[in-house]
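Chain naming here is simple, since letters A, B, ... match the order of the sequence lines and numbering starts at 1 in each.
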Amino acid sequence: MSFTNVENQVELIKEISGSDPYKCMKCGKCSASCPSYNEMDIKPHQFASYIIRGDVDELLSSKSAWKCLSCFACIERCPRDVQPGKLVDAARQLAERQRGGDHLQADEIPELLAEDLPQQLLVSAFRRYRR
Amino acid sequence: MQELINRLKELLADGTVVRAIGWKKGDMPYNPEPAYFEKPEDFDDFVYDGFCGANLSKMMIEATKLEGKTAVCLKPCDTYSFNQLIREHRVNRDNAYIIGVGCRGKLDIEKARKAGIKGIKSISGVDIEGSGDVVFDTIYGQKTMDYKDLMLDRCHVCKGKEHVIFDEVIGESQETGDADRFEEVRAIEKMTPEERFEFFRSELSKCIRCNACRNVCPACSCRKCVFDNTKFDSQQKANVDSFEEKMFHIIRAFHVAGRCTDCGECSRVCPQGIPLHLFNRKFIKDIDDFYGEFQAGKDPEAQSPLTDFTFGDLEPKDAVGRGDK
Amino acid sequence: MKYSYYPGCTLKNKAQDLDRYARASALALGFELEEIPEWQCCGGVYPLGSDEIATKLASVRALNYAKEQGQDLITLCSACHHVLKRVNDDMKNVEDIRTRANNYSDFAEPYAGETKVLHFLEVIRDVIGFEELASKVVNPLTDRKIGAYYGCLTLRPGKILDFDDPENPKIMEDFIKALGGTPIIYSMRNECCGGYTALKDPEFTKQRTAQIFEDSTGFGADCLITACPLCMYNLNKSDAKAKVPVYYFTELLAEALGVKEEA
Amino acid sequence: MPMNEENTEFRPLIVAFCCNWCSYAGADLAGSSRLSYPADVKIIRVPCSGRVNPMFILRAFERGADGVIICGCHPGDCHYSTGNYYARRRMALLFSMLEYIGVENGRTRVEWCSAAEGAKFSKTMNEFCEKIKSLGENVRLGDLRCKN
Amino acid sequence: MQRIGVFVCHCGTNIAATVDVKKVVEMVRYEQGVVFADDYMYMCSEAGQEKIIEAIKEYKLTGLVICSCSPRMHEKTFRACAEKAGLNPYMVEVANIREQCSWIHKDKEEATKKAVILARAAIAKVNLNTPLKEGESPVTKRALVIGGGIAGIQTALDIADAGYEVDIVEKEPSIGGRMSQFDKTFPTLDCASCILTPKMVEVNQHPNITLYTYSEVEKVSGYVGNFDVGIRKKARSVDFDKCTGCGECMTKCPLGKIGHIPSEFDRGLKNRPAIYMPFAQAVPAVPVIDRENCTYFKTGKCGVCAKICPSKAVDYEQQDEIVTVKYGAIVVATGFDIINLDKFGEYAYNESPDVITSIELERLMNAAGPTGGHLERMSDHKQPKDIVFIQCVGSRCDNEEKGKPYCSKVCCMYTAKHAMLIKDHWPDTNITVFYIDVRTPGKNFDEFYRRAVEQYHVNYIKGQVGKVMPQPDGSLLVQAADLLDGKQIKMKADMVVLAAAIEPNPGVRKIATMLTASIDNNNFLTEAHAKLRPVESPTAGIFLSGMAQGPKDIPETVSQAGAAAVKVVGLLAKDKLKTNPCTAQCDTLLCNGCSTCANVCPYGAITYEDIQVNDHGLRETRRVAQVNLALCQGCGACTSACPSGAMDLQGFSNRQITTEVDAICR
């Protein structure tokens, strides 16, 4: 990946997320608050560094983007207004847009469906896992 | 009018005042002029009728410096100007004896001319006590006009029939207001910027810098006008179309902002008929809108809006573009 | 008093209880829910990307409909509440989104976030008042120790949702008190239940819900209430030792107001 | 200077009145932080925004300025306690009058800028220059005269 | 006609890299009035100044234009230089071609053009400059110190020892401030009261110091050397002269036991009576009645304290008293407090009594504190076994609503201190500190922190805590992430201590406004120069001491207090002060006497007099404005308000500014 491409991706993520990864001071309050911390290989407090370095692909091939619950705990508590949840979501969107990389395939769905599954769960999961 | 003359003579006779300021007959029946009266015989020429529009307050700046008291005839609206002059320490109240004279609206001869009345020999029906139509005796015969139709525009937005300061009142006054004071300003505000610019440019280009507006204005009472001193000048001054030539009226309007009582004398005396009051009235409207209603001259103790403030005052950026929303 | 009402997909289906008890209670409390005709699903998740428009349009249409009716917009489902409030905030404050969303729509006049979005609980707190609610209770929930489970979507981000203090909320606790019950305060009440990961990773959700039950029952809760169908689903799926019954808050409300049977 | 396309671009003439205590210091901070803004802006130092007589602004326009900006301490922070409050009223009325006579909005601006707000100063000047560029040359104010 | 010399500075490459200095010299050489123009590498250097002096003499210059850095930097230097050569210092103007030109523009051609224009404007102005002479004003040889904490105490003592009279105004009933609440001080661990109390006593006994406790500054007028300050002495309800400080009243006040009035001094960890001294060593040792809570003042019944007072000192009728005192200098030493933690709900400060702030911990560890120095949990009075410290609560926070953007500077050190003190007393305690960064610059500071780790085995973990969760068993579950180990941690604790951000005393904004001293966005007072004049406010005669200026520890505060005192003494030592000559001036021939200017003058510097004038032969008495040059600070508000153009400002006259406008618009 060329240098400009990396720059573009960082800019795009800043634009999509509306937050600035350079404001992060690595205090780790996001990682401290994250309910999915143990499920993630790249931890919330690392999101900003990955994006600054342009390692968006790496971030996306990690489990983290799909493990974020969008519970907004990190967004609420971040003292620097970096909002890691938004950063990782922006990275996820960028990847989906660029590669159509759906995390949930249509044929996977029926076997996951339980009788009593609420619609909210399905629509939420669709919106999160698919473009 | 006779009651007024008698009373003025009386005041002169018993030494209450040593002179009086009123109006005397002019060369035409519609242009009486301000004058001093000191002796009983001076009063032969005294007049007070519908054409006595001139605001005599400003003359009191000089008059109250003289030895002894001066009596002055002030119409209700003139008393606002007098109050404002008191506030600015420009007149000596102790040397003034104010006779509040009655008023039923003052007349504008231009309106008669516009109605096609020419060759006027004499006019009746303009007495201060009278009512009914104004009758013109002209070389083309007799013409009649409704008193109201002949009134100055400013009287249609009359501030009221009460004198805000006086020693005594002679004669009845009527409230003649029947129009919205800010209607003209609003109409201009509704125009596009291009239209507004063209409007003012065409109006202002009529100006011949005769200084009549400045000379008559009771708020424009500086000893020496800023346009005549060199305080803002510089060595780079260009002689042709100099700074003040271009900006004269805007600067003058700003100069009297917060102090102008809206007496309308500027527009009345302009020989070119430029509606100069539109500048002053815009400031008055803005002051009312931005900082709450304020009438200069109403209360000599009230703080002028331009020497006052509140923490949450309107920001300049919010003062513009309000018509666009 | 009439409100535009946005029920949302789940309340028409798996969470009918949340809906019907709410309607019955509303009537008892003196206000009416007028369902917006032809509402479309809000999407369940607020699209975080600031350049997303299409996914916000369903919400904008509902918001604009309420504006045209001159009514505030009520929701019950915490997801709908979250999405509608945030989209509304975008329409009010983010010029780019406002312009583009209006360009996609053919409203009589542009929509700029004029509608007030309220959660059902906010109506009770801010319009009816908890004292008034208490006075209408006929079957007080005396001796019931109820843990309010807020989850995440009703509270965060606190600045935009403006529902309650996101870290130490008290609206549901006050609600429980008004119904005559004893609110149980516990730390996990505003921690996520695991949300939509239930689809692909049910084990993880079970861990989360187990912690919620442990914490709440540790403080003495004998039941939990929620406003969220997804939380309800996840909590119900739990096989935790400490599991206690979970109700929609509207069910207890209808019960206390004596309108449960009619609903 | 070689004539190329860039040189024919309209470059506005902008006069900025900055109070000595806050905004002039803010401009200095913008300088020492190397936060650039167009060279079109020329700053005149005044002790206080309250020192800015409307005459100065009209004068600048009449002499060919395309935009005039007045910067002062934030309301409540005036070094002289109250100068900026009076300036605020004066400028609100003046700007409204300029709009009234048909001058484009945006040629005049008041911005409160503290000594610590170098970034804001630079941002403001960049914005203002853009705005004036978009308005183009100031014909109207130079042209509003009594005599034709 | 002026003879002007123009001097263009390279400032090394600071200017010369972007501005073609030689070209500027050539371009201005033929401007009106210019008889000499030259450039030099460093105009402000001794050699540069020498060049200026020579040129003044050789070319008989009457005015100077220096094109260089900001006038805020070196205007004084060049004025002094002109004066050395016998030129009036006010005949110098500086064109700012560094901060406002070379540093912000990249294109050399553009920057050079702009530099020429700025130089021309300055030249045009100098053409109209007139020599100005500084006036003189007397100095009142008395200083006021606002705030009676360690900063105020030290400043007052230093000024008083130098032989000048000082008054301290303190709003609390006793001096002592925050430091009196502390247990021990870092890095030496000596007891705070042991070092502070003697100073408090010294203040009380010093013949040159007058104490106004339970008092507030109400009104300030005047200017450097001549301030008039109105001080409100709040009614103490106890006669100062009669009271012996026996304390009988405080022990008998019925509210002491049943009143639930939280003690401010003990940060609400203990209650106090309605008649009280904040603490045992209070100076003065005279109690006050808290009228808001006192039963007598609320209902008219009780009166116990008056009845039992052996010296009949209780006086319910006492009224607030306002005294006006003249001062030559004022020191602001208003100190700090910690921020309100309501917005940090995740740390459960309001929910759990076992989550406390560091200041509360100071009280809990203090032998004179609410627990007699025994560290215990407020919930069950048990001694905590596991203690967690959370750093940076509200510091370094970009969210304005929650916290402060700055580092509070003292927390890392006091937390290490707390950890060690606790370990010293109760070695079995487990202590964990969650930090973002450990910041310990300072003499013996890092060694101190390392001692906590190495000797006391305090567990330092990098990672801000996410949430503190009160547990059913009464413990606190702390959820955090160890960023260096890459693990999320859930740790049980008995007590959590929050290092809450410090903020300037909330009352400082009001005081700063009265003093016209500027404050920054965080309400810290601004220095006249961040590096070179750190203890002076930009407003002449106002000085800064302690936390009011920015976060700092005790030794720094004491040093700054001493520095402020020296500045004050330097001022008071003068018999006369030179006044700013850039003052307003009224042209009596133009003045209408309308009073508009007096309405806008913030200093009350304008009065009106009837004077005899001779206006082109017309002699008359006129009411005209008169400017008191000692009071006028030169803001120019009067000049723009004046309808007639009679008011003008020396050094920034209407013609000078207009000519600058013209030069720029040429």
From [X] atom [atom1] to [Y] atom [atom2], the distance as rounded to the nearest 0.5 Å:
X	Y	atom1	atom2	value
I251(B)	M55(D)	CD1	CE	4.5 Å
N84(D)	D313(B)	CG	CG	10.5 Å
F95(D)	L314(B)	CZ	CG	11.5 Å
S96(D)	D318(B)	OG	CG	11.5 Å

Exercise. Does the ring of Y291(B) carry R89(D) above it, NZ/CZ under 6.0 angstrom from centre and within 45° of its axis?
Worked result: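 Flagged: R89(D) positioned over aromatic ring of Y291(B).
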For this session: Check side chain to side chain contact (heavy atoms under 4.5 Å, CB included) between R186(B) and all other residues, then give those that pass, not counting sequence neighbours.
Result: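 Here the qualifying residues are D180(B), F182(B), E189(B), K285(B).
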Exercise. Should F197(B) and I101(D) count as side-chain neighbours, where that means a heavy-atom distance under 4.5 Å?
Worked result: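 No, too far: nothing below the 4.5 Å cut-off.
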For this session: Check whether F311(B) gets within reach of chain D through its side chain, its backbone, both or neither, counting any heavy atom under 4.5 Å.
Result: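 Contact with chain D is through both the backbone and side chain of F311(B).
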For this session: Please look at F199(B) and chain D and tell me whether the side chain, the backbone, both or neither of the residue comes under 4.5 angstrom of a heavy atom of that chain.
Result: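 No part of it gets close to chain D.
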For this session: Report yes or no: does Y100(D) contribute a side-chain atom to a donor-acceptor pair with the main-chain N or O of R196(B) at less than 3.5 Å?
Result: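 Looks like no, no N/O pair under 3.5 Å.
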Problem set entry | Exceeds 12 heavy-atom contacts within 6.0 angstrom, atom CD of E194(B) |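 Yes - once you tally the heavy atoms of other residues, nucleotides and ligands closer than 6.0 Å, there are more than 12.
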For this session: Can you establish whether the number of heavy atoms outside K133(D) located under 6.0 Å from its atom NZ is more than 12?
Result: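 Yes, NZ of K133(D) has more than 12 neighbouring heavy atoms, counting only those of other groups under 6.0 Å.
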Exercise. Checking heavy atoms, do the side chain of L94(D), its backbone, both or neither come under 4.5 Å from chain B?
Worked result: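 Both the backbone and the side chain of L94(D) come within 4.5 Å of chain B.
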Exercise. What parts of residues 261-277 of chain B touch chain D if we use heavy atoms and a cut-off under 4.5 Å?
Worked result: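 No residue falls under the 4.5 Å cut-off.
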Problem set entry | Criterion side-chain contact (heavy atoms from CB on, under 4.5 Å) on Y85(D) and D308(B), from CA distance to verdict | CA-CA 8 Å; Y85(D) 289 123; D308(B) 201 7; over 6 Å; no
Problem set entry | Top contributor to chain B interface from M97(D), R88(D), M91(D) [non-hydrogen pairs under 4.5 Å] |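 Max contact count across the listed options: R88(D).
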Problem set entry | Contacts with chain B made by residues 107-125 of chain D (heavy-atom distance under 4.5 Å), listed by residue number |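 So the qualifying residues are V110(D), W112(D).
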For this session: List for me each residue that meets side chain to side chain donor-acceptor pair (under 3.5 Å) alongside E198(B), sequence neighbours excluded, and say none if there are none.
Result: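 Here the qualifying residues are R201(B).
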